[in-house]
Participant: 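Take a look at the following structure, please.
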Amino acid sequence: MKLVALLLRLGLGGLLVVAGVLTLRAPGAFATEISNYQLFPHVAATLATTLPAVEFLVGLGLLVFPWSWRRAATLGTVLLMGTFSLAVGSAYFRHINIECGCFGSGGSPITGVTLVRNVSLLAAALLLLRIDGRPAGGR
């Protein structure tokens, strides 16, 4: 299980770090992508400037922080993936033809595959939360 936890941390952490860096490069375009979801367009600019940094820090937390902080980063990953899954699901089921915006602008349109991918990432984060529940040496 330690190997599974390590692989999940590396995969999810790496994904969040890359996503954070890519979306930090063009906050204006990212704000447009966020507002296209038609959920909370009035906070799109704020989200576009803060969300990439949060993704980066949470991803970094999964990769290098000690267990006590890594646990918080895992919970942050669950919250991020849950929020992303809800947003993508909302757009998909409302038939809004937009790009995902998952790695900044220029991504692929939201499809059922996008939704399954996001829910799978949420499941991976939940699994990591479950199996990485104790520090090394455990109590």
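Index from 1, following the sequence. These numbers were taken from a predicted model, which means no experiment stands behind them.
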Participant: For L10 and L63: C-alpha separation, side-chain torsions, deciding distance, then whether side chain to side chain contact (heavy atoms under 4.5 Å, CB included) applies.
Facilitator: CA-CA 6 Å; L10 291 174; L63 296 173; 3.9 Å; yes

Participant: With a 4.5 Å cut-off on side-chain heavy atoms, are Y37 and I98 touching?
Facilitator: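 I98 reaches Y37 side chain to side chain.
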
Participant: Would V54 and F65 show up in the same hydrophobic cluster when neighbours are defined by side-chain heavy atoms closer than 4.5 Å?
Facilitator: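 Each belongs to a different hydrophobic cluster.
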
Participant: If you compare all heavy atoms of L15 against all heavy atoms of M81, which two are closest, and at what distance to 0.1 Å?
Facilitator: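 Nearest heavy atoms, L15 then M81: CD2-CE, 4.1 Å.
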
Participant: CZ of F40 to CD1 of I34: how many Å apart, nearest 0.5 Å?
Facilitator: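 F40 atom CZ to I34 atom CD1 measures 12.5 Å (nearest 0.5 Å).
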
Participant: Counting C-beta onward and ignoring hydrogens, is there a side-chain heavy-atom pair between L127 and D132 closer than 4.5 Å?
Facilitator: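 Heavy-atom side-chain distance check fails, nothing below 4.5 Å.
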
Participant: Tell me which pairs pass side chain to side chain donor-acceptor pair (under 3.5 Å) where either residue lies in residues 72-92, with sequence neighbours left out.
Facilitator: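 Found S90-R94.
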
Participant: Is a donor on one side and an acceptor on the other found under 3.5 Å between the side chain of R71 and the backbone of L129?
Facilitator: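 The answer is yes, because a donor-acceptor pair under 3.5 Å joins these two groups.
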
Participant: Give every residue pair that meets the disulfide (SG to SG under 2.5 Å) criterion with at least one member in residues 32-62, sequence neighbours excluded.
Facilitator: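 Sorted result for residues 32-62: empty, none.
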
Participant: Closest heavy-atom contact between F84 and E55?
Facilitator: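 Shortest heavy-atom separation between F84 and E55 comes out as CZ-OE2, 3.3 Å.
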
Participant: Could you give the side-chain donor-acceptor pairs of residues 44-53 under 3.5 Å, partners two or more places apart or in another chain?
Facilitator:
{"unit_1": "T49", "atom_1": "OG1", "unit_2": "A45", "atom_2": "O", "d": "3.3"}
{"unit_1": "T49", "atom_1": "OG1", "unit_2": "T46", "atom_2": "O", "d": "3.0"}
{"unit_1": "T50", "atom_1": "OG1", "unit_2": "T46", "atom_2": "O", "d": "2.9"}

Participant: Is there a chain of hydrophobic side chains (I, L, V, M, F, W, Y, each step under 4.5 Å between heavy atoms) that links I131 to W69?
Facilitator: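 Unlinked, I131 and W69 end up in two clusters.
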
Participant: Considering residues at least two apart in sequence or located in another chain, which fulfil the side chain to side chain contact (heavy atoms under 4.5 Å, CB included) criterion with F56?
Facilitator: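 Per chain and number, F56 pairs via side chain to side chain contact (heavy atoms under 4.5 Å, CB included) with V17, V21, L60.
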
Participant: Evaluate the criterion side chain to side chain contact (heavy atoms under 4.5 Å, CB included) for residue pair T114 and E99; output intermediate values, then yes/no.
Facilitator: CA-CA 10 Å; T114 312; E99 293 180 354; over 6 Å; no

Participant: Enumerate the residue pairs fulfilling salt bridge (Lys or Arg N to Asp or Glu O under 4.0 Å) with a member in residues 75-86, sequence neighbours excluded, ordered by first and then second residue.
Facilitator: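 Sorted result for residues 75-86: empty, none.
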
Participant: Please tell me whether F93 and L86 are part of a single hydrophobic cluster in this structure, the criterion being side-chain heavy atoms less than 4.5 Å apart.
Facilitator: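 Cluster IDs for F93 and L86 differ.
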
Participant: What's the spacing between T111 OG1 and N97 CG if we round to 0.5 Å?
Facilitator: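 With rounding to 0.5 Å, OG1 (T111) is 11.0 Å from CG (N97).
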
Participant: For L22, give me all partners under side chain to side chain contact (heavy atoms under 4.5 Å, CB included), at least two apart in sequence or on another chain.
Facilitator: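 Expected list: V18, R25, F103.
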
Participant: Quick one: closest heavy-atom pair of A91 and I110, and the distance?
Facilitator: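 Heavy-atom minimum between the residues: CB-CD1, 3.8 Å.
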
Participant: Linking Ile, Leu, Val, Met, Phe, Trp and Tyr through side-chain heavy atoms less than 4.5 Å apart, which residues share a cluster with L3?
Facilitator: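 Hydrophobic cluster check, L3: joined to L7.
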
Participant: Output the distance between atom CG (L12) and atom CG (L128), rounded to the nearest 0.5 Å.
Facilitator: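 If I round to the nearest 0.5 Å, the distance is 6.5 Å.
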
Participant: Of all heavy-atom pairs between A19 and C102, which one has the smallest distance, and what is that distance?
Facilitator: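 That would be CB-O, 3.9 Å.
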
Participant: Would you list the atom pairs, donor with acceptor, under 3.5 Å between side chains in residues 116-125 and any protein atom, with sequence neighbours excluded?
Facilitator:
{"unit_1": "S120", "atom_1": "OG", "unit_2": "V116", "atom_2": "O", "d": "2.8"}

